[in-house]
J.: 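Please read through the structure below; I'll follow up with questions.
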Amino acid sequence: MKKNLIKKVFAVSLSIAMACSLLPAANPVTASAAAPYVSLKTTFKTLKVGQKYKMTLKNNTVSWKIKKVETTDKTIATVYGKTTSQVMIKGKSEGRATIRVHLKTSKRKANNTKTLRCRVKVVTATPVVDPTEPTKTDATVTTQAELDAALKDTKITKITIKPAAAANFVIAQGSYPNVDLIVDAPQSDVENSATFKSITVENIKAETFTEKAVGNTFTWNAANGRFVVSKGASVKAINLTKANSKVSVKVEEGTVATINVSAKVELVVEGKLPEGAAAIAVNFSSAAANAKITTAVKVAVSTFAKIAAIFEKGAEDSTIKLETTNISATVTNNTTKAIEVTKNDNTKQTIAVGAQNSTVNATNTTTPVTPGTIGGSSSGVTTNKTASSDSVITPSAFSVVVSGSVYGVTTVSSASLLIYEQGKKEAFTISGNGLRAIEYTLTAKATNSKWNQTLATGTLRQSYAIRDKNDKLTGYVNELPNMNVNMKNAPIGEKIKLTLTLKVKETDKLTAGPSIAGTAEITIPAGEKENYTVNESATFGDWK
């Protein structure tokens, strides 16, 4: 009986054990985790403009393939180079875009498509600047594209146009007040509509430099060439410096304020000025001996050298002024009116219509002649009195107008610089015997730095005589001329001391006497670096 009981217990235990083996395990320690889903390499990417990035898939366990890729803004981020497993992304411009990647797998019958997204931020690349490398400020250009790029670069302060072959250039409207433009293009034409700090023409095709801008100053070093000033254009000055050059200036109803000739040049002025425009001031320095001007446009010639002048029809009302002794002007008048010549002693002579190669000589006398005598000349003997005894009494700080060509009257830092009404004339009054001349030098010096510059030099001569109520000669008035002074390089915001130094001379050729100086101060305001013009004369009191 006991034996049967043991058998029954064993049988029940075996049955229970077999039943338990069929139940699921409560804690299957050997089971593996669920596989992760397929995704993009990243869901957010920052790119610089122009930077590329290869986007791939990860956790691709069921053979997902890239079927289509989209971008929400092609101008910011673009996609290209798609394969079934990757795509290229490129930053185009600053901003944000979303890239959509469409997937499909053949391993599943259901849920076999997916769309994955990556947000892209595109930023502007920051250039790496080498502190040991100097900033490039000069550019030499050979093509129109290179010129356009140089004009856009704000670090460039000097541009040289120098093509190896014929390549014409067109400069669009713009303002480049800190850029010096140099043209060295012997086979090229240039058309300019922009304003520059300065323009120098070293070489140009014999045909044309066409100016369409307002306010430029030119230095013309080319041996030949034609300079055209288009309708509506305005040129401050053309400086002719190349000896034995032949230059034609044609005004097509544009204006030219001044042409300065400082070498033996053959100058032709043609075309037509706008109605009511002032005569072009043509100034010949002492270095322009034997220069020649042929003009069919109204001009006002001032010369310190022997010249020849031919006036064609269209140059009516032109004038010539002989500024010093021992010079002459040979004049041909093919206009319909007489040409007036003013000599260095302010006497006048007329050149009749049709006159050919009529020579007018400056007077060498120091005896004053009443201004306004037509066609007369005077003779006399120099007193040869030395100038050492001449002195100034009751000197005072000189008074002068300083105005900007764009900004009007500038601020001043000292009351010694008086602001006068435009057009008011101050003068030097000189008393004594004989004709006097005055050497003048205007200099500028910064008070807190090493900057200094000579702004103007020259010689003043009497403009008219001063007589008392009994018509007795008491002296002569010498007016300081308007001087265009270049202070573009002056330090802004700093006091600039202007010094006008005068020396009295008995005649042009005698040694000057002791110097007399007067000073004033100005401050160039920030941002104002235009040419400044001394418009008024200085007053130092009476000379005796």
J.: Please lay out, stage by stage, how Q187 and N203 fare under the test side-chain hydrogen bond (donor to acceptor under 3.5 Å, both in side chains).
T.: CA-CA 8 Å; Q187 302 179 66; N203 286 292; over 6 Å; no
J.: So, S198 versus D180: side-chain donor-acceptor pair below 3.5 Å or not?
T.: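 There is such a pair (donor and acceptor under 3.5 Å, judged by atom type) between the side chains of S198 and D180.
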J.: Using atom types as modelled, flag every donor-acceptor pair under 3.5 Å from a side chain in residues 285-295 to any protein atom, sequence neighbours excluded.
T.:
| from | atom 1 | to | atom 2 | distance (Å) |
| --- | --- | --- | --- | --- |
| S285 | OG | A287 | N | 3.2 |
| T295 | OG1 | V297 | N | 3.0 |
| T295 | OG1 | V297 | O | 2.7 |

J.: So, E316 side chain and T336 main chain: donor-acceptor pair closer than 3.5 Å or not?
T.: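 The answer is yes, because a donor-acceptor pair under 3.5 Å joins these two groups.
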J.: Any idea which heavy atoms bring E270 and S248 closest together, and the distance?
T.: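 Nearest heavy atoms, E270 then S248: OE2-OG, 2.8 Å.
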J.: Checking side-chain contact (heavy atoms from CB on, under 4.5 Å) between V301 and each of V331, I259, V341, I320, which is the one that passes?
T.: I320
J.: Taking all non-hydrogen atoms of both residues, which atom of D184 and which atom of P163 are closest, and how far apart?
T.: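 In terms of heavy atoms, the two residues are closest at O-CD, 4.1 Å.
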J.: Once the angle between the rings of F209 and F227 is folded into 0 to 90°, is it parallel (under 30°), tilted (30 to 60°) or perpendicular (over 60°)?
T.: parallel
J.: If you define the side chain from C-beta out and look only at heavy atoms, does anything of D317 sit under 4.5 Å from K337?
T.: yes
J.: Quick check: does any side chain N or O of N224 sit under 3.5 Å from a backbone N or O of A222, one acting as donor and the other as acceptor?
T.: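 Looks like no, no N/O pair under 3.5 Å.
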J.: Show the numbers, then the answer: is there a side-chain contact (heavy atoms from CB on, under 4.5 Å) between T324 and N344?
T.: CA-CA 5 Å; T324 189; N344 57 308; 5.5 Å; no
J.: Run the side-chain contact (heavy atoms from CB on, under 4.5 Å) test on V235 and T255 for me, step by step, so that the C-alpha distance in whole Å, both residues' side-chain angles and the decisive distance to 0.1 Å come before the verdict.
T.: CA-CA 6 Å; V235 175; T255 61; over 6 Å; no
J.: Do D138 and T160 pass the side-chain contact (heavy atoms from CB on, under 4.5 Å) test, and can you show the C-alpha distance, the side-chain angles, and the key distance before you say yes or no?
T.: CA-CA 8 Å; D138 293 4; T160 301; over 6 Å; no
J.: Quick one, K205 and S188 - any side-chain contact, counting heavy atoms below 4.5 Å?
T.: no
J.: Roughly how far, to the nearest 0.5 Å, is the OG1 atom of T210 from the CD1 atom of I171?
T.: 11.5 Å
J.: Which class fits the ring pair F196 and Y176: parallel under 30°, tilted 30 to 60°, perpendicular over 60°?
T.: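 Because their plane-to-plane angle is under 30°, the rings of F196 and Y176 count as parallel.
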J.: Below 4.5 Å, heavy atoms only, C-beta onward: do V353 and N333 meet side chain to side chain?
T.: yes
J.: Kindly give the heavy-atom pair with the smallest separation between N192 and A194, and that separation in Å.
T.: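 Minimum heavy-atom contact is ND2-O, 2.9 Å.
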J.: Counting N and O atoms only, with roles assigned by atom type, does the side chain of T258 sit under 3.5 Å from a partner on the main chain of I238, one being a donor and the other an acceptor?
T.: no
J.: If you compare all heavy atoms of E211 against all heavy atoms of A233, which two are closest, and at what distance to 0.1 Å?
T.: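 Smallest interatomic distance, heavy atoms only, reads O-CB, 3.4 Å.
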J.: Could you pull out all residues at least two apart from K152 that satisfy salt bridge (Lys or Arg N to Asp or Glu O under 4.0 Å)?
T.: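 Scan of K152 (salt bridge (Lys or Arg N to Asp or Glu O under 4.0 Å), adjacent residues dropped) gives none.
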J.: Got a donor-acceptor contact below 3.5 angstrom from the S245 side chain to the K242 backbone?
T.: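 Between the backbone of K242 and the side chain of S245 there is a qualifying donor-acceptor contact (under 3.5 Å).
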J.: If you define the side chain from C-beta out and look only at heavy atoms, does anything of T319 sit under 4.5 Å from T342?
T.: no
J.: Look at the side chain of N334 and the backbone N and O of A296, then say whether any donor-acceptor pair between them is shorter than 3.5 Å.
T.: no
J.: Residues in ring pair (Phe, Tyr, Trp, His ring centres under 6.0 Å) with F311, at least two apart?
T.: none
J.: Determine whether a donor-acceptor pair (N or O, by modelled atom type, separation under 3.5 Å) exists between the side chain of E146 and the backbone of Q144.
T.: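 No; judged by distance alone, with no hydrogens or angles, the pair does not exist.
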J.: Check step by step if side-chain hydrogen bond (donor to acceptor under 3.5 Å, both in side chains) holds for T241 and N239.
T.: CA-CA 6 Å; T241 63; N239 301 313; over 6 Å; no
J.: Please answer whether the main-chain N or O of G354 pairs with a side-chain N or O of Q356 as donor and acceptor at a distance below 3.5 Å.
T.: yes
J.: Report yes if some heavy atom in the side chain of P177 is under 4.5 Å from a heavy atom in the side chain of K197; otherwise report no.
T.: no
J.: Could you tell me if the side chain of I204 sits less than 4.5 Å from the side chain of W220, heavy atoms only?
T.: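 A side-chain contact exists here, since the closest heavy-atom pair is under 4.5 Å.
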